[in-house]
Each structure stands twice: as structure tokens, then as C-alpha cells.
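Here the structure is laid out as C-alpha cells; the discussion comes afterwards.
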Amino acid sequence: MAEPLRTARAGALGEADAGREVRLAGWVASIRDHGGVLFVDLREATGVVQVVIDPVADPEVTELGRTLRDEYCIAVSGTVRLRPPGTANPDLPTGAVEVAATAVIVLSPSDPLPFRIDDRADVDENRRLEYRYLDLRRPRMAANLVARSRAMGAMRTTMLAQGFLEVDTPTLVKSTPEGARDVLVPSRLRQGSFYALPQSPQLFKQLLMVGGVERYYQIARCYRDEDFRADRQIEFTQLDIEGSFWDREGVFSALEPVIAAVARELRGVELPLPFPRITWHEAMRRYGSDKPDTRFGMELVDLGPVFTGTGFQAFAAVLAAGGLVAGINAGPRETTRSMLDGLVERARTLGAKGLVWAVVEADGTLRSPVAKHLGTPEQEGLKQALGAAPGDLLLLVGDRAKAARSVLGALRLDLGRPGGHDALDFLWVVDFPVFAVDDDGNLAPEHHPFTAPYRVEEMRNDPQNALSRAYDLVVNGVELGSGSERIHDPRVQREVFSILGISDAEAESRFGWFMRALRFGTPPHAGFAVGLDRLVMVLQDEPNIREVMPFPKTQTGYDPMTDSPSVVDDHQLRELGIDLRPEVRASLAGEPPGS
RNA sequence: GGGGGCGUGGUGAAGCUGGAGUUCACGCCGGCCUGUCAAGCCGGAGGUCGCGGGUUCGAGUCCCGUCGCCCCCGCCA
């Protein structure tokens with residue numbers, strides 16, 4: 001492409017270019033003024049090259065050069081030459097050469113910066129977001145933008161090679177109250193009515209299967225109005241796929257090469273395929289989590305057999321009530337009183353009634369607050385069950401099975417989880433239950449209502465044990481996405497709605513349009529959605545998805561750069577038929593946030 | 001809704017048991033300097049210690065409240 005301001009790219013210059021007359025353009029990354037000779041590091045997207053301004057050779061250019069400041073946008077004409085002997089910079093890819101400037105133009109000056117462009121200081125994130133366009137010039141964010149682009153490129157290349165059709169779907173869709181909270185958009189032409197932004201393209205991609213597309217993919221923006229986390233924003237991006245005449249195996253075999261291609265592109269590693277699989281039940285039993293981090297052991301062990309008939313009343317009561325006593329071996333580690341107290345407190349905040357710790361002494365005896373309640377056979381059984389050696393710290397929880405597992409699962413992560421993401425342990429978690437039991441003992445659907453159960457009769461007659469044809473992809477304990485085989489039979493769909501407590505009338509008003517579509521020869525189909533932000537986060541070894549999103553929001557959904565969301569004019573509201581509630585108006589009249 | 005951490009010149013930090021807005025690094029402004037590359041050396045400017053209240057002779061420091069950011073629980077079919 002024609003670029004009148006430049007004939008070469010800074011980062012690409014090398015010894016082979018010596019003698020070339022070039023025009024370059026970019027930003028002033030650093031200036032070193034020696035009173036005489038002046039060095040300017042010119043940075044652009046491809047890299048950095050040193051520009052030399054020599055007052056003997058060119059007094060006028062030198063005069064201009066002394067007015068340059070950091071991050072001025074400039075154009076430079078000059079000659080590429082080898083650096084004088086002994087002055088090459090081996091730390092710089094272009095360090096063997098420099099550009100002797102014959103002309104410099106300031107394309108655009110820069111105010112003094114709110115923070116340094118290099119990565120040396122951890123700048124307050126609010127400040128980074130306020131000046132995100134400057135943050136994007138910094139090496140970390142620049143690299144993450146490249147990684148994100150290459151991830152999307154690898155996805156598209158691999159999907160196209162597999163014969164998938166990229167289809168985009170609407171972003172103003174019908175609100176479906178179950179699941180996450182919808183982001184709502186008021187309608188002007190139909191006052192009082194609202195669109196929702198899609199939580200996912202779920203129903204549209206199923207309709208594409210009805211429409212004969214057979215193999216669909218899309219890199220789709222999705223919206224869920226729930227509280228923010230390190231890995232959750234109100235809007236995020238998914239690689240969404242769906243295939244007709246597929247079962248789970250079709251999904252896995254289509255997706256695994258995509259993930260492998262992205263890992264190859266960003267990490268230069270070959271992932272071993274196929275990914276391992278684990279059932280949901282086994283994941284919960286061994287790791288206390290439906291998204292196990294399998295990079296380390298420290299697995300949960302059922303200690304019921306050890307404590308059968310125990311004299312330790314707390315555990316005896318748990319077992320008598322049908323609960324679970326389980327434990328982990330946290331391995332050899334320094335234990336101080338405050339550290340152990342901290343673990344007990346942590347277990348309580350996680351919802352456990354208590355936590356029993358035990359340290360194996362050099363002579364094999366157990367040091368533990370409850371040691372006096374445990375007989376010698378129990379102590380020996382405990383050590384054997386947990387594979388304990390002298391110095392090991394053992395942690396035990398007795399509670400309802402679900403609570404005991406989740407607490408131990410969380411402690412396992414606290415104590416064993418690797419700090420970064422050097423290793424990559426992908427795995428499929430399969431055979432999720434149809435329903436999850438919430439804390440009040442009620443059944444709540446674990447997936448959207450278009451997920452096929454293994455058997456509808458089982459779903460109706462034995463809901464707490466029924467399994468669904470749903471699966472998740474997990475890497476290093478991070479949930480990357482989920483999918484399922486879908487219901488393609490409208491009678492089954494109606495039955496499932498009914499079991500989920502959605503009446504025929506309700507199903508008709510909310511999903512009638514979709515149920516009708518299922519009546520016209522719907523192929524069996526299945527699909528998946530991969531969280532792009534999370535995948536790039538892990539591959540770039542970043543601690544949160546904001547680092548791999550160009551313009552993310554803060555935990556309260558605020559954008560410090562644009563001051564969004566913001567109050568709108570009354571006439572805008574009037575056009576939409578919207579009046580703010582009095583208490584909302586009153587709070588707006590008070591102090592504005594952020595001041 | 002709940003728990004925790006943080007908030008000090010433009011940036012990042014230190015500031016212990018309450019005693020003058022003190023200190024360090026970077027940046028900024030000015031000067032010196034012809035081979036540096038995070039250039040170096042000299043000088044200078046720059047702060048309502050997030051905000052409000054309280055305790056005290058005296059608060060960056062202690063207490064209460066509040067706002068903002070981050071992490072976690074809840075929530076995320």
C-alpha cells in the first residue's frame with residue numbers, strides 16, 4: 001500500500017539495508033541529547049530503530065531535533081548505515097544499524113505523558129483505562145493486541161479450512177429472562193418494549209441449522225449483565241460454532257484443531273490431541289470443582305472408610321447424616337499458628353463449618369487439634385489414605401458432600417495452584433447433571449433449556465441424577481466455554497420445558513417462534529462457544545481478561561476514558577417513553593461518582 | 001448484598017510508636033555535555049496525603065463514614 005510518509009519500516013531494518021535512503025514515520029520513544037550528536041529512538045508498530053542527528057552534518061535538522069519530546073509523532077528521512085564499531089546494541093533487533101537523518105518533520109506533537117510508555121512501572125489501572133490509547137502503545141498491551149488478532153486469525157483460518165460458514169447474527173434480540181441478566185435496549189418505535197443484547201447467539205445458530213447451514217461459526221460479541229470478575233466483563237467475545245448431524249464427537253473433533261492452532265500461533269507449542277476427558281462427577285469427586293486445574297495433584301480423598309465408627313463426634317455426626325468426610329494432602333510445608341488459623345478462617349468463609357488440620361511429625365505422629373479424639377488405627381488409616389509422609393500438612397473437612405468438596409477444592413487451589421500458565425492442561429468435562437442443587441435444596445437447571453438430556457424420562461422421574469449431553473472445555477482451571485447436543489425434536493423440547501417448570505403457555509409466548517422452527521425438519525445438531533478473552537488471557541499468561549481487551553470497563557461497568565455509562569437528555573428518554581424513578585433522579589442529583 | 005486489600009507532587013514507591021508536606025526513583029522545566037541506547041552530570045518547579053467528620057495541643061499516621069479501583073463470596077441457565 002502507498003505510504004507517502006515512509007518507504008521502510010523501522011523494525012525491519014538490518015545490515016542488508018546499509019546504504020539505503022529511507023523515509024520512516026513513527027513515535028519518539030526516547031531522546032538522548034549529547035549536546036552535540038542527538039539520538040532518537042523511533043518506534044512504530046514493527047519495532048524501534050535508532051535515528052542519529054549530527055550537528056556537523058546538518059545544523060538545521062539538529063535545531064529541530066532539540067525541540068522533539070517523547071511520543072511526538074514524526075517523519076524522518078535519512079540513510080541507513082552500519083553503526084560505528086563498538087556502538088552496536090545487541091539488545092535491539094535493529095541494533096546493528098542506525099539512520100542518519102537528513103530531514104525530520106513533526107507530524108504531531110505530544111503533551112507530556114500521564115505515565116511512561118515502557119512497561120517498567122505498574123501504573124494504576126484506572127489511569128491506564130483513562131488513557132487507554134497510550135496504554136495500547138506500551139509493549140504489554142501492544143503484544144496482547146497482536147496475540148488477540150492472531151488468535152482470531154487462527155480461528156478463522158481453521159474454521160474455513162474445515163468448511164465452516166461465517167454467519168453474523170443480530171445484536172438486538174428478544175429478551176429471555178432465564179439465565180444471566182439481560183442488557184436491555186429500549187425501543188423508540190415501540191415504546192415500552194425492549195430488545196436485549198444477546199447473551200450468546202444460541203437460538204439463532206440453532207435456526208441456522210434448521211436453515212441448512214450445517215457448519216456455522218462466528219466470532220460473536222456477547223453480553224451478560226452480571227457482576228464483574230477478573231475473567232468476566234459485561235461484554236465479551238466468543239468463538240461460537242454449531243454443526244448439523246453432529247454429536248459431541250463432532251464438536252470435539254472440530255474444535256480441538258482450532259484450539260491447537262491458536263496455541264501454536266500464540267505459544268509455538270503443539271498441544272497433544274485429543275484433549276483428555278473427565279466426567280463432571282469424577283471432576284467433583286477428585287478435584288471438588290467442575291473446572292479442575294489438573295496441572296497438579298493434591299486430589300480429594302474420601303475418608304469415610306477411615307472414620308467409620310470414629311469417636312470424633314463432629315465427623316461421626318457428619319457421616320451419620322449421610323455427609324462426606326474428605327481431605328487433601330497439601331504436602332510438606334512450613335506451618336505457623338497464624339497460617340493454620342488463616343486456613344481455618346478461609347474454610348469458614350468458603351462455607352465450611354470447620355477445618356481440621358493435621359501435621360505429620362518426624363516420628364509419624366499427628367499434630368492436630370483433634371489428635372486426642374483419633375485412635376491409632378484412625379491416624380494410621382488417615383496417613384495411608386492421603387499418602388502422608390513426615391512434614392506433610394493434611395486438611396480435612398466434614399460436611400454435606402457438596403459443601404465439603406467445594407471447600408476442599410478451593411483450598412486445593414489456594415495451596416497448590418501454579419502462579420502462571422506455563423503449562424497448558426486442556427480437558428473436556430463431560431456429562432454434566434441436568435440440575436444443580438442449590439443451597440436451599442432446590443433444583444435449578446445447570447444449562448439452557450435447549451440442552452438435550454440423555455433420557456427425558458430420567459430427567460422427569462429422577463431429576464437429581466439425570467445427566468445432560470452438555471460439556472465444558474477447561475484449561476488450567478479456567479472455564480473456557482461450554483456446549484451441548486441440542487434438542488431437535490419439538491415434542492422433546494416441549495417436554496423439557498414442562499419439566500423445567502415452564503408452562504405450555506409460557507413456552508409459547510417466549511419461545512413459540514423457535515418451537516415452530518423445530519417442526520420443519522430440524523437436523524440433529526450440537527455446538528460450542530469458546531471464550532476468546534479467556535483463551536487469550538491464559539495463553540498470554542495474563543491475570544485478567546482486561547489485559548487482553550482493547551477497551552474494557554472497570555468492576556462497576558465504568559469506562560474512565562469516555563465517562564460511560566452516562567446520564568442522557570430528558571428528551572431522549574421522552575422519545576423512548578421512559579421516566580426515571582424518583583429515587584433514581586434523587587441519587588443523580590447528589591454527588592456524581594468518580595469525583 | 002457480603003468479606004478483604006489499596007488510595008501520598010504527572011507516574012511508581014517509602015513514610016515505624018501521632019510532632020513542620022519529609023524522602024527515593026522516573027517524568028517535567030532550565031543548564032552542561034559529540035556515540036548514547038532506561039544516556040550522564042548540575043539546578044529548579046510541582047502535593048487539599050481520595051473526600052467528609054471525629055479524637056488530640058497537634059493527624060498522611062488513630063477512629064467513624066463515604067467515594068473510587070482491585071481480588072473473592074453471592075450472582076454468571
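Computed over heavy atoms, backbone and side chain alike; hydrogens, waters and symmetry mates excluded.
If you check B:rC28, B:rC69, B:rC72 against the side chain of A:Pro112, the one that comes closest is B:rC28. Distance from the side chain of A:His34 is smallest to B:rG35 among B:rG35, B:rC76, B:rC69. Out of B:rG35, B:rC76, B:rC69, the shortest distance to the side chain of A:Val37 is found at B:rG35. Nearest to the side-chain atoms of A:Glu98 among the listed nucleotides B:rU11, B:rC76, B:rG35 stands B:rG35. Out of B:rC33, B:rU11, B:rC29, the shortest distance to the side chain of A:Val123 is found at B:rU11. If you check B:rC71, B:rC75, B:rU36 against the side chain of A:Gln555, the one that comes closest is B:rC71.
Here the separation of B:rA25 from B:rG44, taken at their P atoms, is 14 Å to the nearest Å. On the C1' atoms, B:rU55 is 10 Å away from B:rA59, given to the nearest whole Å. Separation of the P atoms belonging to B:rC71 and B:rC57 is 43 Å when rounded to the nearest angstrom. Between the P atoms of B:rA14 and B:rC76, the separation comes to 39 Å (whole Å). One P atom belongs to B:rG46, the other to B:rU23, and the distance between them is 14 Å to the nearest Å.
Contact between the side-chain N/O atoms of A:Arg346 and the OP1/OP2 oxygens of B:rG3 is not found at any separation under 4.0 Å. Contact annotation: A:Thr554 reaches the phosphate of B:rC69 (side-chain N/O to OP1 or OP2, under 4.0 Å).
Taking the centre and axis of the six-membered ring of A:Phe296, the NZ or CZ atom of A:Arg412 falls inside the cone set by 45° and 6.0 Å.
Counting any heavy atom pair closer than 4.0 Å across all strands shown, A:Arg138 reaches no nucleic acid atom. Using a 4.0 Å heavy-atom distance criterion, A:Ser30 is classed as a sugar-phosphate-only contact.
Taking the six-membered ring for Trp and thresholds of 30 and 60 degrees, A:Tyr471 and A:Phe528 have nearly parallel ring planes, at less than 30 degrees apart.
For A:Arg232 and B:rC73, the CZ to C1' distance is 11 Å, given to the nearest whole Å. Counting to the nearest Å, the C1' atom of B:rG27 and the CZ atom of A:Arg127 are 14 Å from each other.
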